[in-house]
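All remarks here apply to the structure that follows.
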Amino acid sequence: EGVAAVGRLGLSYDVSLYHTQIREVADLASALPNTRIILNHVGGVLGLGSYRSKRDEVFARWSSSIKALAARPNVFVKLGGLGQSYTSLRFDEDAEPPSSEMVAARFRPYIETCIAAFGTSRCMFESNFPVDKISYSYHVFWNACKLMTKGASSTEKADLFGGAAARGYRLNVIG
């Protein structure tokens, strides 16, 4: 009922969860097709506890869930948050702070899966700072985003770096 009220007010519902709960968001999005839902942190890919040594299995389950969620046109996804210590990317275990190239390499499968599923019109980069500072610097992350979009068109880059956020949050952005 609370999420339905958010939709009736013309607001968006941001959801932060773990990848095991993405299908529940898909059900919610189907039940409330007029409510804009924003999935944070590419869906919270777990890499701790029983998920710690199962990166490929987790990725397969996450990827399947993301593709199913993307079928709901009222859902957008934030690309980021993968520097948190609960994820499967485990930047916190590296001996040295990662470079932008290293961050881009580890993020790429997740970012490309989201973009392929949702399109750039419903994907937005998120900084997730200061939380992700545990894994890399702000500049390293944003340079990694630039590296991951090197082959993208100017329209796609405009979506990823602001346009999708403006649409998702119904912001009137003045150029």
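Counting begins at 1 with the first residue of the sequence.
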Is Arg90 reaching over with its side chain to a backbone N or O of Leu48, donor-acceptor style, under 3.5 angstrom? no

Could you tell me if the side chain of Arg106 sits less than 4.5 Å from the side chain of Leu82, heavy atoms only? no

Locate the shortest heavy-atom distance separating Ala144 from Val103; write the atom from each residue and the value. CB-CG1, 3.7 Å

Tell me if a side-chain donor or acceptor on Ser88 pairs with a main-chain N or O of Gly47 at a distance below 3.5 Å. no

Are the side chains of Ser64 and Arg23 in contact, using a 4.5 Å heavy-atom criterion? yes

Do Glu112 side-chain atoms and Pro109 backbone N/O form a donor-acceptor pair below 3.5 Å? no

Ring pair (Phe, Tyr, Trp, His ring centres under 6.0 Å) partners for Tyr169, two or more places apart: none

Side-chain donor-acceptor pairs of residues 26-37 under 3.5 Å, sequence neighbours excluded:
{"from": "Ser30", "atom 1": "OG", "to": "Ala26", "atom 2": "O", "distance (Å)": "3.2"}
{"from": "Ser30", "atom 1": "OG", "to": "Arg72", "atom 2": "NE", "distance (Å)": "2.8"}
{"from": "Ser30", "atom 1": "OG", "to": "Arg72", "atom 2": "NH2", "distance (Å)": "3.4"}
{"from": "Arg36", "atom 1": "NH1", "to": "Arg167", "atom 2": "O", "distance (Å)": "2.4"}

Distance (rounded to the nearest 0.5 Å) between Lys146 NZ and Phe125 CZ: 11.5 Å

Out of curiosity, does Ile134 fall in the hydrophobic cluster containing Tyr136 (side-chain heavy atoms, cut-off under 4.5 Å, transitive links)? no

Given the rule that I, L, V, M, F, W and Y join up when any side-chain heavy atoms are under 4.5 Å apart, are Tyr13 and Leu9 in one cluster? yes

Decide yes or no on side chain to side chain contact (heavy atoms under 4.5 Å, CB included) for Leu46 and Thr87, but give the supporting numbers first. CA-CA 5 Å; Leu46 284 170; Thr87 71; over 6 Å; no

Indicate yes or no: at least one non-hydrogen side-chain atom of Ile38 is less than 4.5 angstrom from one of Glu126. no

Check step by step if side chain to side chain contact (heavy atoms under 4.5 Å, CB included) holds for Val42 and Phe107. CA-CA 10 Å; Val42 302; Phe107 271 43; over 6 Å; no

State, to 0.1 Å, how close Leu11 and Arg170 come at their nearest heavy-atom pair, and which atoms those are. O-NH1, 3.8 Å

Between Arg61 and Asp56, is the closest basic N to carboxylate O distance under 4.0 Å? no

Are more than 12 heavy atoms from other residues, nucleotides or ligands located less than 6.0 Å from atom OH of Tyr18? no

Are Leu160 and Ile115 packed together at the side-chain level, in the sense that at least one heavy-atom pair is separated by less than 4.5 angstrom? yes

Please work out which of the three classes, parallel, tilted or perpendicular, describes the rings of Phe161 and Trp142, given edges at 30° and 60°. tilted

Give the cluster check for Phe118 versus Met124: same hydrophobic cluster or not, with ILVMFWY residues linked at side-chain heavy-atom distances below 4.5 Å. no

Of all heavy-atom pairs linking Ile66 and Ala117, the shortest is CG2-CB, 4.1 Å

Given the options Phe59, Tyr110, Tyr51, Tyr86, His19 meets ring-ring contact (aromatic ring centres under 6.0 Å, His included) only with Tyr51

Heavy-atom closest pair (Leu147 atom, Ala104 atom, distance to 0.1 Å) is CB-CB, 4.2 Å

Partner residues of Ala152 under the side-chain contact (heavy atoms from CB on, under 4.5 Å) criterion, sequence neighbours left out: Thr149, Glu156, Lys157

Test your reading of the model: is there a side-chain donor-acceptor pair from Ser100 to the backbone of Asn143, 3.5 Å cut-off? no

Report yes if the side chains of Asp14 and Lys78 come closer than 4.5 Å at any heavy-atom pair, otherwise no. yes

Step by step, would you call Ser16 with His41 a side chain to side chain contact (heavy atoms under 4.5 Å, CB included)? CA-CA 7 Å; Ser16 187; His41 317 320; 3.6 Å; yes

Considering non-hydrogen atoms only, spot the tightest contact between Cys123 and Ala164 and give its length. O-CB, 3.1 Å

Working to the nearest 0.5 angstrom, can you tell me the gap between Leu39 CG and Cys114 SG? 7.5 Å

Leu79 reachable from Val131 in the ILVMFWY side-chain graph, under 4.5 Å edges: no

Can Met102 be reached from Tyr138 by stepping across I, L, V, M, F, W or Y side chains whose heavy atoms are under 4.5 Å apart? no

Show, in sequence, the C-alpha distance, side-chain angles and deciding distance for Trp62 and Thr113, and conclude whether the side chain to side chain contact (heavy atoms under 4.5 Å, CB included) test is met. CA-CA 10 Å; Trp62 167 84; Thr113 298; 3.6 Å; yes

